[in-house]
Amino acid sequence: MKTIIEPFRIKSVEPIYFNTVEERKLILENAFYNPFLIRSKDVLIDLLTDSGTSAMSSSQWAGIMHGDESYAGSPSFFRFEETIQEITGMPLVIPTHQGRASEKILFSILGGKGKYFLSNTLFDTTRANIEFSGAEGIDLICEEGKHPAIPAPFKGNMDLVALKQIIKEKGAENIPLCIITVTNNSGGGQPVSMQNIRAVRTICSENNIPVFIDACRFAENSYFIKLREEGYNNKPVFEIARELFSYADGCTMSAKKDAFANIGGFLAMRNEELALKCRNLLVITEGFPTYGGLAGRDLEAIAIGLREVMEENYLQYRIRSIEYLANKLIAAGVPIMQPAGGHAVYLDAKKFLAHIPVAQYPGQALVGALYLHGGIRSVEIGSLMFGKYDDNKQLIPAQLELVRLAIPRRVYTQSHIDYVAEVVIEVFNARDKIKGLSIVEEAAVLRHFTAKLQQL
Ligand SMILES: *Cc1c(COP(=O)(O)O)cnc(C)c1O
């Protein structure tokens, strides 16, 4: 088989600014070992997130010029609405400025003290919005999903036995929603199978619990279903996505992921009463229902992006380019989550830095080392992001200590990725020298964004 090439040409470029290890040492110290506090011009390869960092296509940029900025009833909104209705089959579409705005609205309405939200794994902002409402989020990832080193086709699946048990234990009346995150961002970008989604739907229907999809990476998940699940090999991704959404009562979406947009999001659903409540909140917090928190031009870019993301040449390249990086690391013995996810490669920091105890945040230490050595910015998805304290102020660690190398869509070429592999492997070979970290300052929620740390 020939090399799978990037299915695009480059029309506009942005420079990368180079710096030295000595300069980066100072930058890292001044940023308190927190990649969110580093300026992007000081980063060579930015793998902090795939969110809002995609390269838009020439069609999307053309759409930006077509955007109609009318306050109410803009044709751009109707193109946005129609596209989402077509893909999701959900009639009620509510634009928001990004994913978490959808979450804030949804959980303000459905959340509250004594409520439980069940999920394969809640993303950090989703969990934060649930907890902010006073409710509790419960992750029920399948057993395969808990073991980074063991490959399995659908490690994002929900544990169905645990789901039934928790419903019995907490009472269906206290569970306003079950949320399936596709792909499972916090759990390694791993896909959820159609069979699992269908089974969750059945269990939830028996208990009168609505199902929502956290749809940020619906196209990547649909492509994995096409590749890995029996009966889907010959189906177009659009049809697979349609089926996936058909099992849900609604969805939340960040258009900064699988819509190639730099900003945007939406809520879509089937229930009129819930949509009415959402729109009432939307007007207070985001804007009028035909623009949400967005400009008309953003609505256009999203509508176009949502169609482009389902093109199979793109998805083949996308999934393959992540796998390409993963394979290079596996060949060098670097411990990573296997198989490769849809949007990122996840380093297993617990194994990578076995000499650093979990309470010294090995993931964050690794993030620092990758930046220092090669100017690569990544993010910890472990105990800094998800850790809690018990009553004695002792850390209750997260299930996994991962470092995510998120690959922006259509942004980096194969030689950029080759460079990333070289840096990770060099850091791995000198891992004994990396030291743990302690927290100097932190916020009560989403602490990883602003926490200040120091080297031990
Ligand atoms: C990014 C993301 C969100 C939140 O979306 P924002 O646009 O960043 O607010 C929610 N869920 C998942 C799975 C995500 O990846």
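Remember, it's 1-based here, ligands and their atoms both numbered in the order they're listed.
Using a 4.0 Å cut-off to heavy atoms of Lys257, the atoms of ligand 1 that qualify are 1 (C), 2 (C), 3 (C), 5 (O), 14 (C), 15 (O). Near Glu103, with a cut-off below 4.0 Å to any heavy atom, the atoms of ligand 1 are 10 (C), 11 (N). When each atom of ligand 1 is checked for a heavy atom of Asp214 under 4.0 Å away, the hits are 10 (C), 11 (N), 12 (C), 13 (C). Heavy-atom contacts of Thr181 reach the following atoms of ligand 1: 13 (C) (cutoff under 4.0 Å).
Residues Glu401 and Lys351 are not paired through a salt bridge, judged by the lack of any N-O separation under 4.0 Å between the basic side chain and the carboxylate. A salt bridge does not link Glu380 with Arg404: none of the charged nitrogens is closer than 4.0 Å to a carboxylate oxygen. Of the charged side-chain nitrogens involved, none lies within less than 4.0 Å of a carboxylate oxygen, so that Glu6 and Arg320 do not count as a salt-bridged pair.
Ranking protein heavy atoms by distance to atom 8 (O) of ligand 1, first place goes to Arg100 NH2, 2.9 Å.
Taking a 4.0 Å cut-off on heavy atoms, Cys216 registers as neighbouring ligand 1.
Residue Gln98 has at least one N or O atom closer than 3.5 Å to an N or O atom of ligand 1. By the 3.5 Å distance cut-off applied to N or O atoms, Thr125 is not counted among the residues near ligand 1.
Checked by atom type, the side-chain pair His448/Asn34 shows no donor-acceptor distance below 3.5 Å.
In this structure, the side chains of Arg377 and Asp42 stay at 4.5 Å or more apart for every pair of heavy atoms.
Residue Phe117 is tested with Ile130, Ile175, Asp139 for a side chain to side chain contact (heavy atoms under 4.5 Å, CB included); the sole match is Ile130.
By the criterion of a heavy-atom distance under 4.0 Å, the side chain of Lys256, and not its backbone, is placed next to ligand 1.
Of the possible donor and acceptor atoms, none in the side chain of His147 sits under 3.5 Å from a partner among the backbone N and O of Glu144.
Across the listed options Ser254, Gly265, Gly52, Ser254 owns the non-hydrogen atom lying nearest to atom 5 (O) of ligand 1.
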